[in-house]
Undergrad: 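Got a structure for you, questions after.
Just so it is clear, the model here is predicted, and its values are computed rather than measured. Lettering follows sequence order; numbering is per chain, from 1.
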Amino acid sequence: MPLITANDAAFAYDGQIVLSDVTFTVNQGDYICIVGENGSGKSTLMKGLLKLVPPARGEVRLGDGLSQDEIGYLPQQTLIQRDFPASVREVVESGIRSRRIFLTRGDKKRALDMLNLLEAGSLINRSFMELSGGQKQRVLLARALCATRKLLLMDEPTAGLDPVAAREMYKIIEKINREQGIAVIMISHDVQTAALFASHILHLQQTPLFWGTAAEYLETFPGRKFAGGVCDV
Amino acid sequence: MFDWLFEMLSFSFMSRAILAGMVVSLCAALLGVSLVLKRYSMIGDGLSHVGFGALAIAMALGLTPLPFTIPVVILAAVILLRLSGNSRIKGDAAIGMIASCSLAIGVTVLSLSKGINADISSYLFGSILIMSSSDLRLSLWLGVIVLLFFLLLYRRVFTVTFDESFARATGMRTGLYNTLTAILTAVTVVLGMRLMGAMLISSLVVFPALTAMRLCKSFLSVTLTAAAVSVTAFFIGMALSYLFSAPAGASVVLVNAGMFLLFSAVRKVRMMS
């Protein structure tokens with residue numbers, strides 16, 4: 001049973017269609033990488049999957065048993081966060097969806113567990129703004145994991161990271177995908193690395209140019225062209 | 001030694017102004033933390049100008065000021081928030097436009113209408129004599145509502161302030177929290193405006209948060225410190241204004257500025273050691 005189904009979906013900004021004919025499904029445990037040039041509709045699609053932008057045509061459907069507040073999301077870091085006074089604990093715990101005024105002990109433990117899973121448990125009492133770029137991404141990923149047990153959406157999780165931190169980030173994401181069985185949908189510029197880890201690739205250029213497994217992608221024209229140098233990192 | 005303190009509080013208009021002012025300071029500081037962090041500080045300033053214009057019109061038409069002014073400013077708050085969220089219209093430019101326009105309307109109405117014996121400067125820079133007991137009651141209600149808002153929704157306020165797109169993506173109704181914040185800010189600004197003055201009220205929104213952020217590094221500590229700083233600064237400001245017969249609103253702002261410098265100095269010393 002798919003987690004998300006996009007059926008002939010199209011998205012528009014200011015009445016203009018920027019992305020159309022999107023049909024694909026996300027199943028449990030999938031690792032899907034969305035690639036494409038700037039302005040190809042990657043971020044728009046992600047907003048559509050998160051139901052932040054309604055489709056202009058077609059539909060995006062969440063599978064049975066998956067509700068909107070069970071989706072983990074790792075957005076790009078904002079300017080606001082750069083000097084935001086918050087402890088790591090506060091940031092991670094904000095991922096827990098709970099109507100309670102105070103979190104239960106179980107909730108707090110889950111937050112720490114997620115941080116430990118990302119080998120960042122020692123950061124819990126640090127100040128978020130004083131962390132390195134890679135550490136911040138782990139903390140935000142831990143927050144996203146607090147919000148979900150099934151599906152994680154990420155918008156260029158390695159943007160702004162140095163190569164070492166970026167590689168570690170990819171390893172962590174792979175670990176989450178494999179060991180926790182959480183489906184991953186990721187926007188990436190780094191096609192080569194993405195194709196290495198992902199199970200499926202969705203290549204966009206205002207409309208899908210390719211949708212299939214990563215292995216197939218590397219054999220086809222858009223894959224070779226794109227991975228071969230255009231956006232080589 | 002503290003005889004003057006008891007003397008000051010023995011005047012009922014004085015104790016009324018101080019109590020109402022402390023509640024408004026508390027509300028402004030709590031809401032201010034969120035507004036400053038989201039880069040919406042200018043909204044407080046814009047709202048006070050709108051409040052001035054609305055107050056002037058209410059006076060000219062002979063209406064009771066608060067029932068007319070509060071809805072107008074709430075409406076302005078909701079509009080300003082929408083504008084800031086809309087990338088096509090620059091929020092700060094829109095605030096500048098609306099603010100100066102409202103100020104112009106207020107000044108024009110006040111100087112054209114005859115028979116109003118109020119001087120413009122008490123509206124612009126505040127007066128402690130204006131506080132009536134019904135104003136005090138309204139301020140206390142506001143205080144209760146803002147405190148409840150923060151106590152009950154604290155975690156959600158943090159989530160929305162820290163990362164709005166994450167909050168929205170995970171199913172939170174961020175528009176609702178933003179609108180609530182805007183409405184409470186509008187009421188805070190209107191209630192504080194007559195005491196502090198339309199020109200000075202926004203400092204109550206901005207200063208405590210910035211002061212707290214000099215030293216505090218978690219959201220909770222910033223929020224609590226800002227609230228404490230704000231209430232303390234208001235009380236000291238009023239006491240100084242009483243002792244030296246200085247204008248009340250301006251004294252409070254200057255004490256707030258002093259607190260900011262003090263916290264900045266402590267931060268410098270901490271970083272050097």
Side-chain angles (χ1 to χ4, degrees), chain A residues 13-14 43 46-53 62 66-103 107 125-130 139-141 143-144 146-148 151-155, chain B residues 32-41 84-89 147-175 177-178 208-226 263 267 270-271:
Chain A
Y13 268 124
D14 296 333
S43 297
M46 188 147 282
K47 285 186 187 134
L49 297 177
L50 290 164
K51 299 276 171 85
L52 300 181
V53 178
L62 296 185
L66 181 69
S67 70
Q68 194 68 41
D69 60 4
E70 287 177 312
I71 296 179
Y73 179 41
L74 178 63
Q76 294 204 30
Q77 287 180 33
T78 63
L79 207 63
I80 289 179
Q81 286 162 6
R82 208 173 285 170
D83 54 358
F84 195 103
S87 68
V88 168
R89 185 191 302 276
E90 286 177 318
V91 174
V92 177
E93 287 180 352
S94 75
I96 290 172
R97 293 282 73 92
S98 161
R99 296 200 170 277
R100 293 168 188 275
I101 301 171
F102 299 106
L103 291 176
D107 289 335
N125 289 319
R126 294 272 302 275
S127 158
F128 180 76
M129 63 177 154
E130 289 169 0
V139 170
L140 294 176
L141 185 55
R143 175 185 65 163
C146 282
T148 188
L151 178 64
L152 194 56
L153 275 76
M154 293 183 263
D155 194 347
Chain B
V33 171
S34 239
L35 292 174
V36 166
L37 285 170
K38 285 173 111 170
R39 311 288 191 267
Y40 287 166
S41 323
S84 300
N86 184 339
S87 53
R88 271 194 304 176
I89 305 169
L147 278 178
L148 277 179
F149 176 68
F150 266 79
L151 282 177
L152 297 179
L153 303 175
Y154 172 78
R155 288 190 353 96
R156 275 173 264 190
V157 168
F158 172 81
T159 308
V160 173
T161 310
F162 181 72
D163 194 340
E164 194 157 336
S165 47
F166 175 84
R168 276 177 67 199
T170 49
M172 279 179 64
R173 297 166 68 187
T174 57
Y177 295 100
N178 287 337
L210 288 177
T211 303
M213 280 192 274
R214 293 293 95 194
L215 291 182
C216 302
K217 289 188 175 147
S218 76
F219 190 71
L220 183 64
S221 61
V222 167
T223 306
L224 296 178
T225 309
F263 274 57
R267 177 195 169 98
R270 258 200 205 172
M271 287 212 293

Undergrad: Between T161(B), V222(B), L37(B), which has the largest tally of heavy atom pairs under 4.5 Å with chain A?
TA: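 It is L37(B).
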Undergrad: Search all heavy atoms of L151(A) against all heavy atoms of L66(A) and return the closest pair with its distance.
TA: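 Result for this residue pair: CD2-CD2, 4.0 Å.
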Undergrad: At a heavy-atom distance under 4.5 Å, which candidate from R143(A), K47(A), K51(A) has the highest pair count against chain B?
TA: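 Among R143(A), K47(A), K51(A), the one with the most close pairs to chain B is R143(A).
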Undergrad: Please look at V88(A) and chain B and tell me whether the side chain, the backbone, both or neither of the residue comes under 4.5 angstrom of a heavy atom of that chain.
TA: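 Neither part.
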Undergrad: Highest number of heavy-atom pairs under 4.5 Å with chain A: which of T159(B), L152(B), T170(B)?
TA: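 Looking at each of T159(B), L152(B), T170(B) in turn, T170(B) comes out on top.
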Undergrad: Side chain, backbone, both or neither: which part of S221(B) has an atom under 4.5 Å from a heavy atom of chain A?
TA: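 When you check distances to chain A, no heavy atom of S221(B) falls under 4.5 Å.
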Undergrad: Checking E130(A) against chain B: side chain, backbone, both or neither under 4.5 Å from a heavy atom?
TA: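 Only the side chain of E130(A) comes within 4.5 Å of chain B.
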Undergrad: What I'd like to find out is whether the side chain of I80(A) reaches to under 4.5 Å of the side chain of F162(B), using heavy atoms alone.
TA: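 The answer is no, as the side chains (C-beta and beyond) never meet within the 4.5 Å cut-off.
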Undergrad: May I ask you to check whether F84(A) and F128(A) place their ring centres under 6.0 Å from each other?
TA: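 Judged by ring-centre distance (under 6.0 Å), F128(A) and F84(A) do not meet the cut-off.
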Undergrad: Counting only non-hydrogen atoms closer than 4.5 Å, does A147(A) touch chain B with its backbone (N, CA, C, O), its side chain (CB onward), both, or neither?
TA: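 The answer is the side chain of A147(A).
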Undergrad: With a 4.5 Å limit on heavy-atom distance, are the side chains of S41(B) and V36(B) in contact?
TA: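 S41(B) vs V36(B): side chains touch.
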Undergrad: Is there side-chain contact between K38(B) and V160(B), with heavy atoms separated by less than 4.5 Å?
TA: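 Yes, at least one pair of side-chain atoms sits under 4.5 Å.
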Undergrad: Tell me whether S127(A) contacts the main-chain N or O of S87(A) through its side chain, where contact means a donor paired with an acceptor under 3.5 Å.
TA: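 Answer holds: no.
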Undergrad: With a 4.5 Å cut-off on heavy-atom pairs, point out which of T78(A), L103(A), L153(A) contacts chain B the most.
TA: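 Of the options given, most contacts go to L103(A).
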Undergrad: Under the 3.5 angstrom rule, does the side chain of R168(B) hit a backbone N or O of L50(A) as a donor-acceptor pair?
TA: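 No; zero donor-acceptor contacts below 3.5 Å.
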Undergrad: Flag the one option from A86(A), S67(A), G95(A) with the top tally of heavy-atom pairs under 4.5 Å to chain B.
TA: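 Option with the greatest count: A86(A).
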Undergrad: Can you tell me if E164(B) uses its side chain to pair, donor with acceptor, with the backbone of T174(B) under 3.5 Å?
TA: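 No: the side chain of E164(B) does not pair with the backbone of T174(B).
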Undergrad: Is it the side chain or the backbone of L151(B) that comes within 4.5 Å of chain A heavy atoms, both, or neither?
TA: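 L151(B) touches chain A through backbone heavy atoms alone.
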Undergrad: Check whether R39(B) gets within reach of chain A through its side chain, its backbone, both or neither, counting any heavy atom under 4.5 Å.
TA: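 Contact with chain A is through the side chain of R39(B) alone.
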Undergrad: For F166(B), is it the side chain, the backbone, both, or neither that has a heavy atom closer than 4.5 Å to a heavy atom of chain A?
TA: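 Contact with chain A involves both backbone and side-chain atoms of F166(B).
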Undergrad: Which residue out of A212(B), S165(B), G171(B), A167(B) racks up the most heavy-atom pairs below 4.5 Å with chain A?
TA: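 Highest number of heavy-atom pairs under 4.5 Å: S165(B).
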Undergrad: So, does R97(A) use its side chain to make a donor-acceptor pair with the main chain of S94(A) at under 3.5 Å?
TA: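 The answer is yes, because a donor-acceptor pair under 3.5 Å joins these two groups.
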